[in-house]
Amino acid sequence: MDQTIKFWKKGDLAAYFGLLANNLTNLLTMMSLLIFVVGIPSAVVYGKIAPAFGMGIFIASCAYGFFAYRLAKKTGRTDVTALPSGPSAPSIFTVTFLVILPVYTQTKDYEFAIGIALVWCFVEAMILVVGSLLGDTIRRVIPRTVLLSCLSGLGLLLLAMNPMLQAFEAPMIAFAVLIIIFINWFGKSPVFAKIPTGFLLLAVGTGIAWALGVMEPGAISQSLSSFGFNPPSLNIDGFMQGLPHALPYLASAIPLGLSNYVFDLENIESAHTAGDEYQTRQVMLTNGIASCIGAAFGNPYPVTVYVGHPGWKSMGAGIGYTVATGISMLILSLFGIGAFLLAVIPVYAIAPILVYIGVVTANQVVRETPKLEVPVIFIALFPWIANWALTLANNVLGAAGTAAGTVGIDKLASKGVYYEGLSHLGNGAPIASLLWGCIAIFAINDKPLRGAAAAAVAAALSIVGFIHSPTVAFAKGASVEFFFGYLMIAGIFVIKYVMDRSKSQPKPETGKNAA
């Protein structure tokens, strides 16, 4: 590597711990869902799916590291930060609960269920591959304020909110970690400056947790049972087995694929705003190809650009943190070490790091947004807030063994829980946030034709259930109302355009002047 470009910098260590924790949490979530919720044998999860899972992350991470090195060499800069990579967290839940679980429940054939999920992953990857051809064009069409506003909602609600709640479940551990973050990463004068902050956070949180007796020594010995070398192996047969039967389940792949596409656009734009101008096409192709390779080896969960590039950059991270995370995830997946790490390190020591990344991501849009466009930030947040609240409400109802329909929508509304509104606003949040951000910014900046186009796209996506609906279906439920509602918005924009044109045209002269 070029002598002027350092593969590893001081800030890489802290960023490495944070990004690894995020990836590791998703790996363990995936394994827990498949083993304890679906009921797939642990040997299959540890021996086949997890190694392919780690391999997909490894491929994307190495590619991102190469992109960063090439950008640094091209520009002569030494402050280039690589994009963070990892599995798509929404896809872990979507694939598990909408594809694998119902198929396995019906057939009791886990190989068949996984085969259909592999087809699902391949379709989503192809959306990224095809979309990569238009990525730079879309980034030029959609205002930066909108992309960053949508990303701020993702950062605060999907990345930071739950970790903040976890922090308040164990204040004696997490508060110490949080205040070190505030002092060292937000502040000007760090404490224990000679110790890498990422290591300091984990050491303090882990030490307090073990001293308070929060951690269980028995979990360590139990985690050792997952050790063992499990190299990834091709699973083309499973893919081919699921191919003829996957069509009914692909309806969820398309909207989630579009959502991941939007995530990638937003995160790439975020990196551009921070000064690291990566090529959209190359990044999206990387995600699509890495996801396809992972699927070929048996992993049904796609890879994506992770939120938080500005946060890692603010830590002083460069190239090494992303590549090191990819290598670590591959090793952890191949040897089954992940469960051991979480048996030693408490989640309460990890969660505050994700809070920091979410806050920095949201802060970026505040810094970069012109004063006139600030309302767009909050408008784009509403779908994300509703999405988080809807997930929380559904989980609470599910834990109680019931559902909103069983309790009664009117009864929930009488208690101040507007479930129907949560469902409409929260479903399809990534795309809805983007579209409402566009509608708002074009209204504010007096660009009525662009606003009409955004509303027309929203109408088209709502009538097929891509937004404001829990399932994809044509003209079902309230989708017709949303379709005509968005057409009304488009009509008002068109009227505004016509009125503006009539005002700008000179009036014909009359009387003597005309003669």
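Not measured: the values here are computed from a predicted model.
For the pair S270 and P310, the tightest heavy-atom approach, listed with the atom from each and the gap, is OG-CG, 3.2 Å. Of all heavy-atom pairs spanning S152 and A362, the tightest one is CB-CA, 3.6 Å. Nearest heavy-atom pair across S314 and G311 is OG-O, 2.7 Å. Between A82 and Y278 the shortest heavy-atom distance is CA-OH, 3.4 Å. Nearest heavy atoms, A456 versus A490: N-CB, 4.5 Å. Pairing each heavy atom of L34 with each of V38, the nearest pair is O-CB, 3.5 Å.
Taken to the nearest 0.5 Å, the CZ atom of R281 stands 12.0 Å off from the CD1 atom of I268. Note that the CG atom of N23 and the OG atom of S85 stand 7.0 Å from one another [nearest 0.5 Å]. One distance of note links CG of L156 with CE of M164; it measures 10.0 Å at 0.5 Å rounding. Separation of atoms CZ (R144) and OG1 (T369) is listed at 10.0 Å; rounding is to 0.5 Å. Distance OG1/T325 to OH/Y306: 10.5 Å, rounded to 0.5 Å. Of the inter-residue distances, the one linking Q279 atom CD with L285 atom CG reads 10.5 Å to the nearest 0.5 angstrom.
Residues L27 and P87 fail the side-chain proximity criterion, which asks for heavy atoms closer than 4.5 Å. Within the 4.5 Å cutoff, no side-chain heavy atoms of N387 are placed close to those of L157. A 4.5 Å side-chain heavy-atom check between F442 and P448 finds every atom pair outside the cut-off. For the pair P302 and C121, the minimum side-chain heavy-atom distance is below 4.5 Å. By the 4.5 Å heavy-atom criterion applied to side chains, P375 and I444 are counted as neighbours. Looking at heavy atoms from C-beta onward, S328 lies in side-chain contact with Y16 at the 4.5 angstrom threshold. The closest side-chain heavy-atom distance from I100 to I40 is below 4.5 Å. Residues L434 and I431 have side chains not in contact (no heavy-atom distance under 4.5 Å, counting atoms from C-beta outward).
Ring centroid separation for the pair F482 and H424 comes in under the 6.0 Å cut-off. Close placement of the F186 and Y356 rings is indicated, their centers lying within 6.0 Å of each other.
Enclosure of atom CZ in F484 is not indicated, since only 12 or fewer non-hydrogen atoms of other residues, nucleotides or ligands lie within 6.0 angstrom.
Remark: the N287 side chain and the Y64 side chain contain an N/O donor-acceptor pair separated by less than 3.5 Å. Under the 3.5 Å distance criterion, with hydrogens and angles disregarded, a donor-acceptor pair is assigned to the side chains of T96 and Y301. In this model, a donor atom of one side chain and an acceptor atom of the other lie less than 3.5 Å apart for R70 and Q282.
Not a single donor-acceptor pair under 3.5 Å links the side chain of N299 to the backbone N or O of A295. For S291 (side chain) and V303 (main-chain N/O), a donor-acceptor pair under 3.5 Å exists by modelled atom type. In this structure a side-chain-to-backbone donor-acceptor pair under 3.5 Å is present from S479 to K476. Judged by distance alone, the side chain of R77 and the main-chain N or O of G275 form a donor-acceptor pair under 3.5 Å. Of the possible donor and acceptor atoms, none in the side chain of S423 sits under 3.5 Å from a partner among the backbone N and O of E420. Between the side chain of S433 and the main chain of A380, a donor-acceptor pair closer than 3.5 Å is present. With hydrogens and angles ignored, the 3.5 Å screen pairs no side-chain donor or acceptor of D12 with any backbone N or O of A317.
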side-chain hydrogen bond (donor to acceptor under 3.5 Å, both in side chains) between D276 and H309, worked out:
CA-CA 9 Å; D276 295 332; H309 174 275; 2.9 Å; yes
Full working for side-chain hydrogen bond (donor to acceptor under 3.5 Å, both in side chains) between N162 and W388
CA-CA 9 Å; N162 284 338; W388 179 81; 3.2 Å; yes
Begin from the C-alpha positions of I439 and I379 and carry the test side-chain contact (heavy atoms from CB on, under 4.5 Å) through to its verdict.
CA-CA 10 Å; I439 290 171; I379 292 168; over 6 Å; no
What do the steps show when you test M329 against L20 for side-chain contact (heavy atoms from CB on, under 4.5 Å), and what is the final call?
CA-CA 7 Å; M329 287 301 296; L20 178 63; 3.9 Å; yes
Apply the test side-chain contact (heavy atoms from CB on, under 4.5 Å) to residues L83 and N267: give CA-CA distance (whole Å), side-chain angles for both, the deciding distance (0.1 Å), then the verdict.
CA-CA 9 Å; L83 290 167; N267 284 307; 5.7 Å; no
With side-chain contact (heavy atoms from CB on, under 4.5 Å) as the criterion, how do Y321 and M315 come out once you've worked through the C-alpha distance, each side chain's angles and the decisive distance to 0.1 Å?
CA-CA 11 Å; Y321 86 104; M315 295 179 186; over 6 Å; no
After noting the C-alpha distance and the side-chain angles of N394 and Y419, does the key distance pass the side-chain hydrogen bond (donor to acceptor under 3.5 Å, both in side chains) rule?
CA-CA 10 Å; N394 285 337; Y419 184 86; 2.5 Å; yes
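Aromatic ring orientation, H468 versus Y486: parallel (interplanar angle below 30°, classes split at 30° and 60°).
Of the residues listed (E373, R450, K447), the one engaging I441 in a side chain to side chain contact (heavy atoms under 4.5 Å, CB included) is E373, and it is the only one.
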